[in-house]
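To find a chain, count down the sequence lines: A is the first, B the second, and so on, and within it residues start at 1. Not measured: the values here are computed from a predicted model.
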Amino acid sequence: MNLHEYDKMSKESILKYAQKFVDKSLRDVLGINTCEEINKKILKYKGRRKGFFGDLVEEYIFGISNNNYAQADFKEAGVELKTTAIRQLKSKKYSPKDRLTLSMIDYMTVINENWETSSFLEKNKLLLIMFYLYEEKQNLLEYKFKIVELLNLLSHISNADLAQIQQDWEKIVNKIRRGEAHLLSEGDTLYLGAAPKASNSKSRRSQPNSIIDAKPRAFSLKTTYLNYLIQKFIGKEYTYSSLLNNKTLPLTVEENINKRFESYLNKTNYEIEKELGIEYIDRPKNHRRLLINKLLGATSNKIEEFEKANITLRVIALEKNGRLIESISFPIFKYKEIVKQIWEESDFYRQLSEKKFLFVVFQKTDKDYDILKKVQFWNFPMKDINSVKWVWKETVKRIKNKKANKLPTIKENIISHVRPHGRNGEDKIDTGYGTLEVKKCFWLNAKYIQKQLEE
DNA sequence: GCATGATCATGC
DNA sequence: GCATGATCATGC
């Protein structure tokens, strides 16, 4: 392998060169002495430096020194280099380990930009992405590159995706303009997110129009959107139903949804079923969900745009008196694993900060029909995060104190609680201290969700 | 009416 | 076989 032999003026040459490293690791291509030199650096940083692998690739594979300023890595060709980790699932499918971090958000200057001439587009419109297979506790030198592709944000993705990314960018920038950079959350947006990017959880930056300092953040492609790109790169396009099956509807997701529901709101489920051509002899239990699927033009519970944007659709049936009585569950946690996590990197924190919900609200009546009341996107507001942090920390503390049977109840916190969620009372897992306990998960309290729906 | 624990239906 | 979404059962 001849290193550094490419034309840095030409994106084709850069790509062709980079693709030679597919199925190879740094150790495969660098000499013994160089590997020794890198090993010394690894020891020095003890794995504490994020982005270290990317720096190594820039330096040793491409022979460019790493830079922090807002200019592309391959300046002349306008190409930005990204190295990012993928995992291989049991099903052999590749999936991204993380979001793909793009450029840092400069809160002070971004508010004066517009999309077409934004520094975001300037820096990220052409990305050379090198996906490598990550395995825990493996030496960086052994990571093997698996997929190497050039991604042109302006021409390689669909018009709808680009329109959505533009809308996401504008949503983020508008929030900063309002002096709310400290309230940014990845759940605010769909494909492009404002991801936290700090050397430590304490670091803060000043923002315009507010005296409150905000976490440093970078524009990033969400994990779920990156997953879609990966499948596309390896030739496996998503086959789920798309919201764009009807060409007269808007390109961006929220507008598309609002438009679809417009004419059905305040109608009964029977009326809507009739309009959509649904007829039952025996009404199935999930009839509300089936109605919504049909309304969205979906043939299963999965919808392309929702998968890409990490949106979960929840059908809510309010009681006759308007009360919401059921809380909302999150995935089961494993006692042995949650005690090893830290809050900012915990599953629950990630779910709250990255996920978006689409609530479709029905109201039950005295009769045997429901009324479709409203459709609302919702993501967890970051101003409430400290309350949930308490619940999470308390949960971890109690498990560590061998009290997995006494986790925070709904009375202990107004936003969240812990409750069983197994198949039945016998569906138990290891507590990590020699006993078994029924599977449990975090829930968002029904009352809290109801308040959110009313706001 | 609500807290709490439990379980069902469905589909991946 | 299991996670997920949705709902039920019981008792205070």
- Is the ring centre of A:Y225 less than 6.0 Å from the ring centre of A:Y228?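 Close enough - the centres of the two rings lie under 6.0 Å apart.
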
What is the distance from [atom1] of [X] to [atom2] of [N], rounded to the nearest Å?
X	N	atom1	atom2	result
A:F362	C:dT7	CZ	C1'	16 Å
A:I325	C:dT10	CD1	P	15 Å
A:K302	C:dT4	NZ	P	11 Å
A:I328	C:dT7	CD1	P	11 Å
A:N286	B:dC12	CG	C1'	14 Å
A:R419	C:dT4	CZ	P	16 Å
A:L290	B:dA9	CG	P	15 Å
A:E326	B:dA6	CD	P	16 Å

- Task: Count the heavy atoms belonging to other residues, nucleotides or ligands that lie under 6.0 Å from NZ of A:K397, then report whether that count exceeds 12.
- Result: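 Counting other residues, nucleotides and ligands, NZ of A:K397 stays at 12 neighbours or fewer.
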
Please determine whether a side-chain nitrogen or oxygen atom of A:K439 lies at a distance below 4.0 Å from atom OP1 or OP2 of B:dA6.
no

Distance below 4.0 Å between A:S300 side-chain N/O and B:dC12 OP1 or OP2: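 Yes.
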
Checking all strands, does A:V438 fall into the base, sugar-phosphate, or nothing category for heavy-atom contacts under 4.0 angstrom?
->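 Nothing, no heavy atom under 4.0 Å.
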
* To do: Pick base, sugar-phosphate or nothing for A:K440, based on heavy-atom distances below 4.0 Å to the nucleic acid.
  => nothing

Report the nucleotide, chosen from [options], that has the shortest atom-to-atom distance to any side-chain atom of [X].
X	options	answer
A:R323	C:dT7, B:dG1, C:dA3	B:dG1
A:T312	B:dA9, B:dT7, C:dG5	C:dG5
A:N301	C:dT7, B:dA9, B:dG11	B:dG11

With a 3.5 Å cut-off and just heavy-atom distances, do the side chain of A:H421 and the base of C:dG5 make a donor-acceptor pair?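 A donor-acceptor contact between them is present.
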
* Can you find a donor-acceptor pair, distance only, under 3.5 Å between A:R314 side chain and C:dG5 base? ->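 Absent.
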
State whether A:Y107 and A:R204 meet the cation-pi test: NZ (Lys) or CZ (Arg) under 6.0 Å from the six-membered ring centroid, and within 45° of the perpendicular axis.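 Judged by the rule, A:R204 and A:Y107 form no cation-pi pair.
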
Ranking A:P331 and A:W443 by the position along DNA chain C of their nearest nucleotide, the one closer to 5' is A:P331

Assign each of A:K411 and A:R423 the nucleotide of DNA chain B bearing its closest heavy atom; nearer the 5' end lies the nucleotide of A:K411

Go nucleotide by nucleotide along DNA chain B from the 5' end; which of A:T409 and A:G422 gets its closest nucleotide reached first?
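It is A:T409 whose nearest nucleotide is closer to the 5' end.
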
For this session: Tell me yes or no: between the side chains of A:S242 and A:N245, is some donor less than 3.5 Å from an acceptor?
Result: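 Side chains of A:S242 and A:N245: no pair found under 3.5 Å.
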
| said: Tell me whether A:E262 is salt-bridged to A:K259, with the criterion being a basic N under 4.0 Å from an acidic carboxylate O. | reply: yes

